[in-house]
Amino acid sequence: MRTQLKLTRDGDAFIARLAPSQASAMYEALSYLRGRDHGDTELILLVGAGREAVDALLERLAGRHTESRDFRLTLEEIHMVHSALTAAPTMFIERGGLFAQEPFHIRLGFYRENFDALAYAVVRAVAEA
């Protein structure tokens, strides 16, 4: 997965050029958390937004992307993505505190290292913008 990310300011928002794998990882993280049996309170705690906002962003990230494309994201949406990338792996902690890599990879289609690297890239990109 390409982990470099560049954001350009566009007024109060940012333009993010996302590679297909980046958009897919963001979608998978958000959709996994959205699809769990969480109420709005838990979802807000996990990603900083309720179902309606998460659904709107999921709709924009959905689809089979074959090439990089630009996404206009608010800071709140970037926060949702970052939070989802960091929160989703915590749902795969097993008894004894061990991370279950195989179930994570099977369900989300990526390795935890991909999510961690992309989350870090999001923070760096916002700081550089």
Side-chain donor-acceptor distances from residues 112-129 under 3.5 Å, at least two apart:
unit_1	atom_1	unit_2	atom_2	d
N114	OD1	Y111	N	2.9

Using the rule that Ile, Leu, Val, Met, Phe, Trp and Tyr join whenever any side-chain heavy atoms are under 4.5 Å apart, tell me whether L30 and L45 fall into a single cluster.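 Unlinked, L30 and L45 end up in two clusters.
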
Any side-chain heavy atom of L73 within less than 4.5 Å of one from L57?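 With C-beta onward as the side chain, the pair touches.
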
Does D40 have any side chain to side chain donor-acceptor pair (under 3.5 Å) partners at least two apart in sequence or in another chain, and if so, which?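 With neighbours one apart ignored, the set is empty.
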
Using a 3.5 Å cut-off and no angle test, enumerate the donor-acceptor pairs between side-chain atoms of residues 77-95 and protein atoms at least two apart in sequence or in another chain.
unit_1	atom_1	unit_2	atom_2	d
E77	OE1	R60	NH1	3.3
E77	OE1	T74	N	2.9
E77	OE2	R60	NH1	2.6
H79	NE2	S83	OG	3.4
S83	OG	H79	O	3.0
T86	OG1	H82	O	3.2
T86	OG1	S83	O	3.1
T90	OG1	A87	O	2.5

Which atom of V54 lies closest to which atom of R34, heavy atoms considered: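 Here V54 and R34 meet closest at CG1-CB, 3.9 Å.
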
Which atoms form the tightest heavy-atom contact between A100 and P103, and what is the distance?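 Heavy-atom minimum between the residues: O-CD, 3.4 Å.
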
Name the atoms and distances for all side-chain donor-acceptor pairs under 3.5 Å in residues 10-28, with sequence neighbours left out.
unit_1	atom_1	unit_2	atom_2	d
D10	OD2	R72	NE	2.9
R17	NH1	D70	OD1	3.0
Q22	OE1	A19	N	2.8
Q22	NE2	R2	O	2.9
Q22	NE2	Q4	O	2.8
E28	OE1	R107	NH1	3.3

